[in-house]
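Here's the structure, in structure tokens; my notes come after.
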Amino acid sequence: LTHQPLRNMASSSSPSSPIALATLAVLLAAVCLLHAGGGAAAEELCVDYYDDTCPGAYKIVQRVLVQAQRSDPRIFASLMRLHFHDCFVQGCDASLLLDTFDGMETEKDATPNKGSARGYNVVDAAKAALEAACPGVVSCADILAIAAEISVELSGGPGWGVLLGRLDGFTSNFQEAGNLPGPFDGLPLLKQKFVNLGLDNTDLVALSGAHTFGRVQCQFVTDRLYNFSGTNRPDPTLNPAYRAFLSQRCPRNGVGSSLNDFDPTTPDRFDKNYFTNLEVNRGFLQSDQELKSDPGAAGTTAPIVDRFAGSQDAFFKAFAQSMIKMGNLGPIRNPSQGEVRNRCAFVNPD
Ligand code: HEM
Ligand SMILES: *[C@@H]1O[C@H](CO)[C@@H](O)[C@H](O)[C@H]1NC(C)=O
């Protein structure tokens, strides 16, 4: 794991970027072994957390993901999203993965996840493979973080040194999951939801770039196509040709769960096309296009969109950095507050 940020640079387009990305990774990646003996630094996540206890962890997860992707081209995007939805609710504690128990409602059933979040079975398969190799060692929260990095990298995006050492929490938070960023949130609210977690406008724009791959249901665009903000008109910030294209796929009274590519230009590739799409009003969600087109985007998020549309290196570098920030949200380190679950959907029996 320690050396992982140094490979995979083939995906970058400019010759200067491998050095830039590797430097970034070194700067950001805390190394546990240096901190052995404890102190405040022992609270931090680090890249080499499993080097002694489960040295094959990264490779094991990678093998499971590659296998899953053969029959499910969408799986990388879905796994990326699970890590996001986990980290934004109570921090990266695998709270998303718990099934309901003792009457506790689970995040899985909250509006942003129900009938939408997917890939749980692949996380379970990775967990089973890890349990076979090193029982009781690798947390489900860390599996989500590793899976997100592998998913981005194998889709052509940047790699980064995944910081590890999270424990899995004991609870799921249905209420808080209902407050995840939503596709109809206005730009001020989106910004606020990120700021509340210590994430700035660059993080908001960079992380939204994950909508460069994966699928999205018609129900999230029908208002934009036919009745934007109750006007009975389409969203004026939607490219007319793209609107015609989407109207074919998502008729007014059609099936709301029908799937579309987030990025029709390169559906399964992690590249900067999300941003080049926004430049020509081809964002899928209202929350996507707002980053460029909302009046409040001028001077805030729009220039960042422009920068990433113009440079894949700039996007990749920012994305890797923001992923590390997101992965650092509220990790549980104290064994009195968390555990390494045996199975990701269940807290361990006493
Ligand atoms: C900024 C606010 C965001 C909003 C409002 C939002 C909303 C959505 C929605 C509505 C979908 C489609 C769900 C469906 O059709 O079932 C989706 C999919 C997706 N989101 Fe986001 N998202 C946001 C940010 C992010 C971030 C920060 C990431 C990751 C870093 C991310 C990664 C993804 C991915 C990869 C998919 C496709 C998943 C798949 O194909 O299974 N999103 N998002
Ligand atoms: C358009 O949206 C408004 C507000 O949500 C709603 O009251 C109205 O019934 C919708 N119009 C149609 C034709 O669906």
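It should be emphasised that the depicted structure is a prediction, and the values quoted were computed from it without experimental measurement. Numbers here simply count residues along the sequence, with the first being 1. Note that ligands are numbered from 1 as they come in the structure, with each ligand's atoms numbered from 1 the same way.
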Atom 11 (C) of ligand 1 has as its nearest protein heavy atom R81 NH2, 3.8 Å

Q.
Quick check with a 6.0 Å cut-off and a 45 degree axis cone: is K108 positioned over the face of Y120's six-membered ring?
A. yes

Contact region, R252 to ligand 2, non-hydrogen atoms below 4.0 Å, reads side chain

Residues L79 and G119: closest non-hydrogen pair is CD2-O, 3.8 Å

Exercise for review: Would you tell me whether N232 and Y226 have side-chain atoms, one donor and one acceptor, within less than 3.5 Å of each other?
Suggested key: no

Q | Pair N113-H85, side-chain donor/acceptor within less than 3.5 Å | A | yes

Short version for N232: what comes under 4.0 Å of ligand 2, heavy atoms counted, is side chain

When distances are taken from atom 1 (C) of ligand 2, the protein heavy atom at minimum range is N227 ND2, 1.4 Å

The single option from K292, Q289, R243 that satisfies side-chain hydrogen bond (donor to acceptor under 3.5 Å, both in side chains) with N281 is Q289

S287 heavy atoms within 4.0 Å reach ligand 1 at atoms 5 (C)

Work out whether the distance between some heavy atom of F88 and some atom of ligand 1 is less than 4.0 Å. no

Taking only non-hydrogen atoms of M80 and a 4.0 Å limit, the atoms of ligand 1 in range are 29 (C), 30 (C)

Hydrogens and angles aside, do S78 and R118 bring a side-chain donor and acceptor to less than 3.5 Å of each other? yes

Inset, instruction - Establish whether atom 7 (O) of ligand 2 and some protein heavy atom are separated by less than 4.0 angstrom. - result: no

Counting from 1 in the order shown, the ligand 2 atoms closer than 4.0 Å to a non-hydrogen atom of G230 are 1 (C), 2 (O), 3 (C), 4 (C)

With only distance considered, is Q217 within less than 3.5 Å of ligand 1 through an N or O on each side? yes

* Between the side chains of T212 and N273, is a donor N or O closer than 3.5 angstrom to an acceptor N or O? -> no

For atom 41 (O) of ligand 1, the closest protein heavy atom turns out to be S78 OG, 2.6 Å

At under 4.0 Å between heavy atoms, what of D185 touches ligand 1? The answer is neither

heavy-atom search around atom 3 (C) of ligand 1 in the protein gives P181 CB, 4.0 Å

Any donor-acceptor pair under 3.5 Å linking the side-chain atoms of D313 with those of S311? no

Atom 35 (C) of ligand 1: closest protein heavy atom, distance to 0.1 Å, is A77 O, 3.2 Å

Does the ring center of F270 lie less than 6.0 Å from the ring center of F319?
yes

Item to check | NZ/NE/NH1/NH2 to OD/OE distance under 4.0 Å, D263 and R269 | outcome: no

for atom 39 (C) of ligand 1, nearest protein heavy atom and its distance come out as R74 NE, 3.3 Å

Are side-chain N/O atoms of S116 and R81 paired as donor and acceptor at under 3.5 Å? yes

Decide whether S95 and E107 meet the rule of one side-chain donor and one side-chain acceptor closer than 3.5 Å. yes

S287 and D185 side chains, donor-acceptor separation under 3.5 Å:
no

Here the atoms of ligand 1 under 4.0 Å from any heavy atom belonging to L285 are 7 (C), 8 (C), 9 (C), 10 (C)

The closest protein heavy-atom partner of atom 42 (N) of ligand 1 is H211 NE2, 2.8 Å

Under 4.0 Å from one or more heavy atoms of A210, ligand 1 contributes atoms 28 (C), 29 (C), 30 (C), 31 (C), 32 (C), 35 (C)

Nearest non-hydrogen protein atom to atom 27 (C) of ligand 1, with distance, is L207 CB, 3.5 Å

Note: ligand 1 atoms sitting under 4.0 Å from heavy atoms of S116 are 13 (C), 14 (C), 16 (O)

Looking only at protein heavy atoms, what sits closest to atom 25 (C) of ligand 1 is F84 CE2, 3.2 Å

If we number the atoms of ligand 1 from 1 as shown, the ones under 4.0 Å from a heavy atom of S208 are 1 (C)

The atoms of ligand 1 lying under 4.0 Å from a heavy atom of G214, numbered in the order shown, are 37 (C), 40 (O)

- Message: With no hydrogens and no angle check, just 3.5 Å: does a side-chain donor-acceptor pair link Q192 and N196?
- Response: yes

Per-atom filter on ligand 1: closer than 4.0 angstrom to a heavy atom of G182 are 5 (C)

